[in-house]
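Computed from a prediction, not measured in an experiment: that's the story for all the values here. Note on naming: letters A, B, ... go to the chains in the order of the sequence lines (proteins, then strands), and numbering restarts at 1 for each one.
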Protein chains: 2
Amino acid sequence: MQGDLKFASFKQDMNLTMEALCRELFLQNRESVRIIKEEIAVKNLVKILNAALTLCNRKGFASMSLRDLSKESGLSMGALYTYFASKDDLLRLLQSQGRTVVLRAIETQIGGAEHPRIKLRKAIQAHLYVSEIMQPWFYLSYMETKNFPREEHKKAIEAELFTEKLLIDIIRAGQEKGVFKPINSELLGAVIKAMLQDWYLKRWKYSQRRVSVDKYSAFVLDFIESYLVSEP
Amino acid sequence: MQGDLKFASFKQDMNLTMEALCRELFLQNRESVRIIKEEIAVKNLVKILNAALTLCNRKGFASMSLRDLSKESGLSMGALYTYFASKDDLLRLLQSQGRTVVLRAIETQIGGAEHPRIKLRKAIQAHLYVSEIMQPWFYLSYMETKNFPREEHKKAIEAELFTEKLLIDIIRAGQEKGVFKPINSELLGAVIKAMLQDWYLKRWKYSQRRVSVDKYSAFVLDFIESYLVSEP
DNA sequence: GTCTATACCAGGATAGAC
DNA sequence: GTCTATCCTGGTATAGAC
């Protein structure tokens, strides 16, 4: 369909490498990361965050000890503590970086579109594609939200509601133009969000069944549009 | 619609009180629970499981200490350990009981139905209704699955796949009869499951928005049927 | 059956040498 | 910037009195 993305080209465009993300994270957290040289900091942050994501996805944040993290990342306990102030602080670093990237990716993608139907397609595809690339990040963020310290917890909930609102607003705009049927937009937004989240929460299931992100995306879009789009 | 349940009557029929559940749990776990008298055991199990569910939902299983649990339940540490052998064992108790009840509830409900469309409606309603009553149980089970010890982890995944398969089989039966359109049943089953799970995972959101389980159920059914059901 | 007191260990965090 | 050695809290689990 017109304006549709494919995962392969999306991936190329967005340049979401771990290295780029860690560089950005370093520049935005000079107070927390007590290292001076950028190259050293970035190199080790990559090691630390990769290790942390692996371990957290395997056993959960609370059950990951910093000794585990030290072993997995190859850095000593002492060295770890020059990159973050406490275990909670590490969670904050991980969390904040993920949030920023997602919102930017989605807004970049839907920015160009005008027609509600295309806009909705792009929002959904962008969400699925980002979460495909950064799956461990999303998984962690979803699973650990309730364990976040107060402030982070609030931000995580806001982010969830923000992307949901984005969907709802597109639906409403389309309804006003008569492109979409007058369906409860709040509920539809909620269940779309649920379907998007299922993609990164049940990765094991979908990859076992050989469902690619493009296939899943096509299915979800078809499902939603056949319910929502008015006949021409 | 014909054969539809309402939550109020479902709740009355199924008798899913904490007391009944704990009694059953006690009778099935005489090896693990080192108490002789049924009445005492049931009374305290109710206290323990309620406290455990509250704490786990608030901070997660790993972060709940047994000292917390002792305080919240009103029993001493020593007493707690006569009801389960270890912290992991407590998780197993909680988990196994939930699983049994859900499957029984769903199978009871769809047992009577013949027509695929009614059967699908009943399966979805039963799932939503049970999870409405036992929300903390479902939430815990979903969130902690990956932390379960090997054997329990396997069972949790099997249970997820089992209820999903149940949906998929109903869809396929309907397709063979020509009642449903030839849609990818595996993918549809997966996203239906995702919508059902969203109901107990995001309870805060739905109750804030004053969406009742009957309303959610009606919406989801409408969404699915308008995609799936062939025109008459 | 239930409690209190305690053993014992793993975890987060840091000091100070290099 | 990084490492090793160590501190100390708070966790699970149990012994033994009542």
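- Ring-plane geometry between A/F219 and A/F223 is classed as tilted, the angle between the planes lying from 30 to 60 degrees on a 0 to 90 degree scale.
- Summarising the geometry, the separation between CG on B/L69 and C1' on D/dG10 is reported as 16 Å, rounded to the nearest angstrom.
- Per the geometry, CG belonging to A/L66 stands 16 Å off P belonging to D/dG11, to the nearest Å.
- Straight-line distance from the CD1 atom of B/I40 to the C1' atom of C/dT2: 10 Å, rounded to whole Å.
- Remark on DNA chain D: of its neighbouring residues A/I35 and B/G78, the 5'-side contact belongs to A/I35, judged by nearest-heavy-atom nucleotide.
- Only one option out of A/D89, A/L93, A/L45 pairs with A/N29 in a side chain to side chain contact (heavy atoms under 4.5 Å, CB included); it is A/L93.
- Between A/D89 atom CG and C/dT14 atom C1' the separation is 16 Å, expressed in whole Å.
- Listed pair B/Y81 / D/dT14 fails the phosphate criterion, with no side-chain N or O lying under 4.0 Å from OP1 or OP2.
- A/W137 has its side chain within reach of A/Q97: a pair of non-hydrogen atoms, C-beta onward, lies under 4.5 Å apart.
- No N or O donor and acceptor, one from the side chain of B/R67 and one from the base of D/dG10, sit under 3.5 Å apart.
- In this pair, B/Y142 and B/Y200 present their aromatic rings perpendicular. The plane angle is above 60°, beyond the 30 to 60° band.
- Across all strands shown, A/R34 has no heavy atoms under 4.0 Å from either base or sugar-phosphate atoms.
- Using a 4.0 Å heavy-atom criterion, one finds that A/S65 contacts the sugar-phosphate atoms exclusively.
- Using a 4.0 Å heavy-atom distance criterion, A/F84 is classed as making no nucleic acid contact.
- In this structure, B/T82 reaches the bases: a heavy-atom distance under 4.0 Å links it to at least one base atom across the strands shown.
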